Amino acid sequence: MNSSTIGRISALLLRYFFLLRSSWPRLLEIAYWPTVQMIIWGFTSVHFSNSSPELTAGGILISAVLVWDSLFRSHISYTLSFLEEMWSRNLANLFVSPLRPWELILSLATVSMIRTLIGMVPAALLAIPFFGVSVFELGLPLLGFFLNLVFTGWAISQAVTGILLRYGLGAESLTWMLPFLLAPFSCIYYPLETLPGWMQTIAQYLSTTYVFEGMRALILHDEWKPDLLWKAFFLNGIYFILGLGVFCLAFRSARNRGLLLQSGE
Amino acid sequence: MIKPDSLLEVDRLSKRFRSKWAVNELSFSLSPGSIMGLLGGNGAGKTTTLSMLLGLLEPTSGSIRLFGHDFVKNRHTVLHRMNFCSPYVDLPQRLTVRENLRVFARLYGVDNSSARIEELTADFRLLELMDQPIRRLSSGQKTRVSLAKALINQPEFLLLDEPTASLSPDVSQWIRQRLRDYRDQTGASILFASHDMREVELLCDEVVMMSHGRLIEQGSPQDLQDRHQRGSLEEVFLALNEQGGGA
């Protein structure tokens, strides 16, 4: 990576930093949703711990909520940063500059990682005094779970931003819809065997399933299963390439149809 | 006709959207240090041409050579030497003028960006606006900021899409003067898409007239008026359109 590339990526990071600095609701929102989620599920967990302690053993519910949210946050942070360019009709300014599409992707991923950490770390820290649950006790595997879900989030984001480029802001609702499409198959709060056969088949092709199966094994049975994590990384590699492919095809199509100059509200 | 010393050479450039040719076999060249107007009515193909020259739109056929490079295949080798301004493309609205200029200076890899921003602040009378978010500026102020952004990297080739659209005559005149000054000081080339014939007449050394995606006439404003024995570019344009079936 040469100095020009670093300069252009840092330019976009500076742009998103200025944006956040200019709007305290945007800044607050980053940490707001994960914290609210954690509190709601925390009390749900407290309630269940009295009637069905096996459901909440080791803080499994809160940990699952926090870890799942890292996928959602990473995806939303990536896609919203891209949407900011569409809303402000600034995409053409970016694409006529020396910025290359892959530099834009790298910038969006970096911003996404920063925003995800700003959102998740306070929620995870607050869970310790509030509910006595520390996801950090998962140790190094937590980093593996977190990175996997962030990668899944980015893979979805690449496909969604590609679709936004090609179909415009009419496709904006996909930003919120797509991650939730994965949720029922991802076995976030229940083991894989809970799903009916056909859903289990789909779930086996999802990286998220292996992350949550691995996390449950670690929390409930104190059993570390690295093979599940590697399967998740492998599947994420495939998703990432597919997402990148969708973005590249959509970018090409948008350039062919003259949509880059018109993108915006 | 392609000149050997041209900065920009457009050869049989065409763009088809479904069955419609938005630009059809367009050829022209632009010499270093000249200001060229791309003139035409609505739907003439000006913005489509400009989009292809900016790399935002893939041509269906034809070639663009810019600074001696094949722009269609290798646009990233020359994008840092050009820039663009259009009232139809905004700068990030929540960012202040200063923040926008800082971001774009970094994006274009401008050395000593603080000095360059100071220079542009003075040139475009932006001092009092520097800490204002773009969304609070008037159209005229926004245009001044967009032009400052377009000149941030001291481009050798500047593309403008109707930069004075919806501006008052005094602001338009002021902007035209700034563009002329910039060309005189730096020797940059400017390509200017407009349907304002009077403006093109005042600013441009050369004019390319388009209708229905085709080049219908080319030359200096005075040459065109003499050739067609008309008193203004507008009359030339209207006469050509009458002959060719209207714009």
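Because only heavy atoms are used, hydrogens play no part in the values below, and waters and symmetry mates are left out as well, while side chains stay in. Here the structure is a predicted model, which is why all the values come from computation and not from measurement. Within every chain, numbering begins at 1; the chains are lettered A, B, ... in the order of the sequence lines, protein sequences first and strands thereafter.
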Asp131(B) atom CG, over 12 foreign heavy atoms within 6.0 Å: yes
Residue pair Tyr108(B) / Ser97(A): nearest heavy atoms and the distance that separates them: OH-CA, 3.4 Å
Interatomic spacing from CG in Asn100(B) to OG in Ser88(A) - rounded to 0.5 Å: 9.0 Å
Between CZ on residue Phe104(B) and CG on residue Leu94(A), distance to nearest 0.5 Å: 5.5 Å
For chain A, the option from Pro92(B), Pro133(B), Gly55(B) that forms the most heavy-atom pairs under 4.5 Å: Pro92(B)
Atom group of Phe251(A) that falls short of 4.5 Å from chain B, counting heavy atoms: side chain
Rounded distance (nearest 0.5 Å) linking atom OG of Ser4(A) with atom CZ of Arg106(B): 13.5 Å
From CZ (Arg255(A)) to CG (Leu56(B)), nearest 0.5 Å: 8.0 Å
Identified side chain to side chain contact (heavy atoms under 4.5 Å, CB included) partner of Leu95(B) from the options Leu19(A), Leu14(A), Asn90(A): Leu19(A)
Phe130(A), CZ: over 12 other non-hydrogen atoms inside 6.0 angstrom: no
Atom group of Ser22(A) that falls short of 4.5 Å from chain B, counting heavy atoms: both
Salt bridge present between Glu84(A) and Arg94(B) (N-O < 4.0 angstrom): no
Pairwise side-chain contact, Lys15(B) with Asn256(A), heavy-atom cut-off 4.5 Å (strictly under): yes
Chain A interface, residue from Arg75(B), Gln93(B), Lys149(B) that has the most non-hydrogen pairs under 4.5 Å: Arg75(B)
Gap separating the CG atom of Asn93(A) from the OG atom of Ser146(B), nearest 0.5 angstrom: 7.0 Å
Leading residue by heavy atom contact count with chain A [cutoff under 4.5 Å; candidates Val103(B), Thr47(B), Leu54(B)]: Val103(B)
Contacting region of Arg81(B) [heavy-atom separation from chain A under 4.5 Å]: neither
Leu127(B), CG atom: more than 12 neighbouring heavy atoms under 6.0 Å: no
More than 12 heavy atoms from other groups under 6.0 Å of CZ on Phe67(B): yes
Closest-packed option against chain A by number of heavy-atom pairs under 4.5 Å, given His80(B), Glu99(B), Glu58(B): Glu99(B)
Residue among Val89(B), Thr96(B), Leu159(B) with most heavy-atom pairs under 4.5 Å to chain A: Val89(B)
Euclidean distance, Leu91(B) CG relative to Arg89(A) CZ, rounded to 0.5 Å: 10.5 Å
Exceeds 12 heavy-atom contacts within 6.0 angstrom, atom CH2 of Trp33(A): no
Contact class of Arg252(A) relative to chain B, heavy atoms under 4.5 angstrom: neither
Within 6.0 Å of CZ in Phe136(A), more than 12 heavy atoms from elsewhere: yes
CZ (Arg135(B)) with more than 12 external heavy atoms under 6.0 Å: yes
Minimum heavy-atom distance Leu107(B)-Ala11(A), with the two atoms named: N-CB, 3.5 Å
More than 12 heavy atoms of other groups within 6.0 Å of Trp230(A) CH2: no
